[in-house]
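This report concerns only the one structure given below.
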Amino acid sequence: MFKSIRGTKDIFQPEIFRWQRLESIVHKVMKNYNFTEIRTPIFEETSLFARGIGNETDIVGKEMYTFKDKSDNSLTLKPEMTAAVVRAFIQHNLGEIRSVNKFYYISPMFRQERPQSGRLRQFHQVGAEIFGVKNYTADGELIILAFDLLEQLNVKNLELHLNSVGCQNCRPNFIKKLVEYFEPIKEKLSLESQHRLNKNPLRILDSKDEKDIEIKQNAPSILDNLCDECKSHYEGLKDFLLKNNISFIENPYLVRGLDYYTKTAFEFTSSDLGAQNAICGGGRYDLLVEQLGGKPTPGVGWACGIERILLASEKYEDPLENRLDVYFVIQRQDYKIKAFQILRELRKNNFTCEMDLLDRSLKAQMREANRLNAKFALILGDEEFQKNSVIVKELVSGHQEEILLDNLLDYLREKINFTNGKN
RNA sequence: GUGAGCGUAGCUCAGCUGGUAGAGCGCCAGAUUGUGGCUCUGGUGGUCGUGGGUUCGAUCCCCAUCGCUCACCCCA
């Protein structure tokens, strides 16, 4: 039997109702914040990600779905979205059209990791990016946007971790200090961190290894080593957040796994998730646009994992039910055509309707109406067929009355509008 | 990539240290002479993940493989 590829999932009812609701909330919130949607292709030239995310990162080094097409071009299924959005930004000269560009996206991403709770090989992210704003206001707006969005999506027990990873002026000095601190005691570090000491010393700070955690307690903090510009940016952002009632935890160990970040780095975690507790991550990338061949343009952004949002919010949400307004029941198959014509009219008038497609007995049709939790069963029997009427039965109460077809629409409108304000 | 646990009907699971499988729910139908839910009755449904091996005989033991789950790693 064919099966979906490891780490990929089919999404259908009832799960799909949660996805659809999430997507509509995202579109609504983004509209209110005046972000516009951007959709980019599912794959890009491999070198876009290699240069954008960084060759030394795990994502590029070992997790990408990379393949050659028939023309021998190396292509890669996007493992994250920022590099792709930046590519589009540059390609279409979007920075020339307006000085500030605010984009959001909902898109699948692909990384070949071992699946576990909250981690798939094809997963989905909703994300937002702002181009063209150097000051902390953009960072602030994005963080507040993420906060409000997650709240609307019923994600609770959130923690916001905040850090600054400095810029090209102050980070090299800090890394030097860091190496000077760790080098003499490197035997005490975990094997992986010893390896990182050469390649990417910052990531030692991020380690969860017990030995590393102890050693890094006394390591120099990036926050004490920021240049004036980074420092005032960071202080400005903190103040901005506090005055907007966003609480956060200063976490000088927060180092994100993508190389392009400068200054602000942040992460929302939720205790309603398993080990993979990061639900949203992002930061500033002031050098990326230039690095990928565009005019120097500051940028900030974040991405949230949709599967993780759904996982974290599940227990706070009532199960969605897919209620039917009308289930049409006929006594004999001769009435099928007439029933379908009536049904079509009701559907055109925005009622959710269904009828039996299997030529089943009246009894079976009633059972189905009940199973589908229809508000009304419309019953067309011999008598009603003659009189051009139909029985309208409210399933919850069992109450029923005979209604002339000419009056059916008005009757249902009144009944159903009364119960749920639809139409 | 590493580790642990688990793969038996559509779903949730049982199967007593080897004799080719069961329950509940679901689904279908009947009891009901045009009308669902409750109840009762009957029925449908599984090459026991896959491939080897041991054995007279394997869902059960052994090996391999694939998959699922969780954790490490990394990240959303």
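The chains referred to below are lettered A, B, ... by the order of the sequence lines, with proteins before strands, and numbering in each begins at 1. Small disclaimer: the values here were computed from a predicted structure and weren't measured.
Between A/Phe268 and A/Phe147, the ring planes are tilted. Angles from 30° to 60° get that label. Classified by interplanar angle (parallel below 30°, tilted 30° to 60°, perpendicular above 60°), the ring pair A/Phe67/A/Phe43 is tilted.
Each of A/Ile5 and A/Arg203 has a nearest nucleotide on RNA chain B; the 5'-most of these lies closest to A/Ile5. A residue-by-residue look at A/Arg119 and A/Glu80 shows that A/Arg119 has its nearest nucleotide of RNA chain B further toward the 5' end.
Using a 4.0 Å cut-off between a side-chain N of Lys or Arg and a carboxylate O of Asp or Glu, A/Lys186 and A/Glu183 qualify as a salt bridge. Using a 4.0 Å cut-off between charged nitrogen and carboxylate oxygen, A/Lys9 and A/Glu307 do not count as a salt-bridge pair.
Nucleotide B/C25 forms a pair with B/G10, judged by Watson-Crick or G-U wobble geometry with both contacts under 3.5 Å. When Watson-Crick and G-U wobble pairs are counted only if both distances are under 3.5 Å, B/G45 pairs with no nucleotide at all. With a cut-off of 3.5 Å on both Watson-Crick or G-U wobble distances, the partner of B/G30 is given as B/C40. Nucleotide B/C16 forms no Watson-Crick or G-U wobble pair with any nucleotide shown, as no partner meets the under 3.5 Å limit on both distances. Nucleotide B/C61 has B/G53 as its partner under the Watson-Crick or G-U criteria, with both atom distances under 3.5 Å. Using N1 to N3 plus N6-O4 or O6-N4 for Watson-Crick, or N1-O2 and O6-N3 for G-U wobble, each under 3.5 Å, B/G1 pairs with B/C72.
A/Lys216 places a side-chain N or O within 3.5 Å of a backbone atom of A/Ser207 that can act as its donor or acceptor partner. Listed for the A/Asn407 side chain is no donor-acceptor partner under 3.5 Å among the backbone atoms of A/Ile403.
Counting any heavy atom pair closer than 4.0 Å across all strands shown, A/Gly282 reaches no nucleic acid atom. Within 4.0 Å (heavy atoms only), A/Ala369 reaches no atom of the nucleic acid at all. Contact annotation for A/Ile330: no contact, since no heavy-atom pair falls under 4.0 Å across all strands.
Using a 4.0 Å cut-off, no side-chain N or O of A/Gln276 falls inside it from OP1 or OP2 of B/C75.
Atom name C1', nucleotides B/G45 and B/A23: the rounded distance is 14 Å, in whole Å. Between B/G42 and B/G24, the two P atoms lie 11 Å apart (nearest whole Å). Rounded to the nearest Å, the gap between the C1' atom of B/U39 and that of B/G46 is 30 Å. Rounded to whole Å, the separation between the C1' atoms of B/G57 and B/U65 comes to 25 Å. Distance noted for atom P between B/A14 and B/G49: 14 Å (whole Å). For the P atom pair drawn from B/G36 and B/C28, the interatomic distance equals 15 Å after rounding to whole Å. Comparing B/G18 with B/A9, their P atoms are spaced 22 Å from each other, to the whole Å. Atom C1' of B/C61 sits at a distance of 28 Å from the matching atom of B/U2, rounded to the whole Å.
If you check the side chains of A/Thr40 and A/Lys78, you find a donor sitting under 3.5 Å from an acceptor. Between the side chains of A/Tyr411 and A/Glu401, at least one donor-acceptor pair of N or O atoms lies under 3.5 Å. A/Tyr253 and A/Asn163 share no side-chain donor-acceptor pair at under 3.5 Å.
When distances run from any side-chain atom of A/Lys9 to the nucleotides B/C72, B/A76, B/U69, the shortest one goes to B/U69. In the set B/C75, B/C70, B/U2, the nucleotide with an atom closest to the side chain of A/Arg114 is B/U2.
Rounding to whole angstrom units, CD of residue A/Glu267 and C1' of B/C75 are separated by 8 Å. Between the OH atom of A/Tyr105 and the C1' atom of B/A76 there is a distance of 9 Å, rounded to whole Å. Atoms CD1 (A/Ile306) and C1' (B/C75) sit 16 Å apart, rounded to a whole Å.
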Can you give one letter per nucleotide of nucleotides 27-39 of chain B, 5' to 3': B if a protein heavy atom sits under 4.0 Å from the base, S if only from the sugar-phosphate, - if neither?
SSSS-B-BBBB--

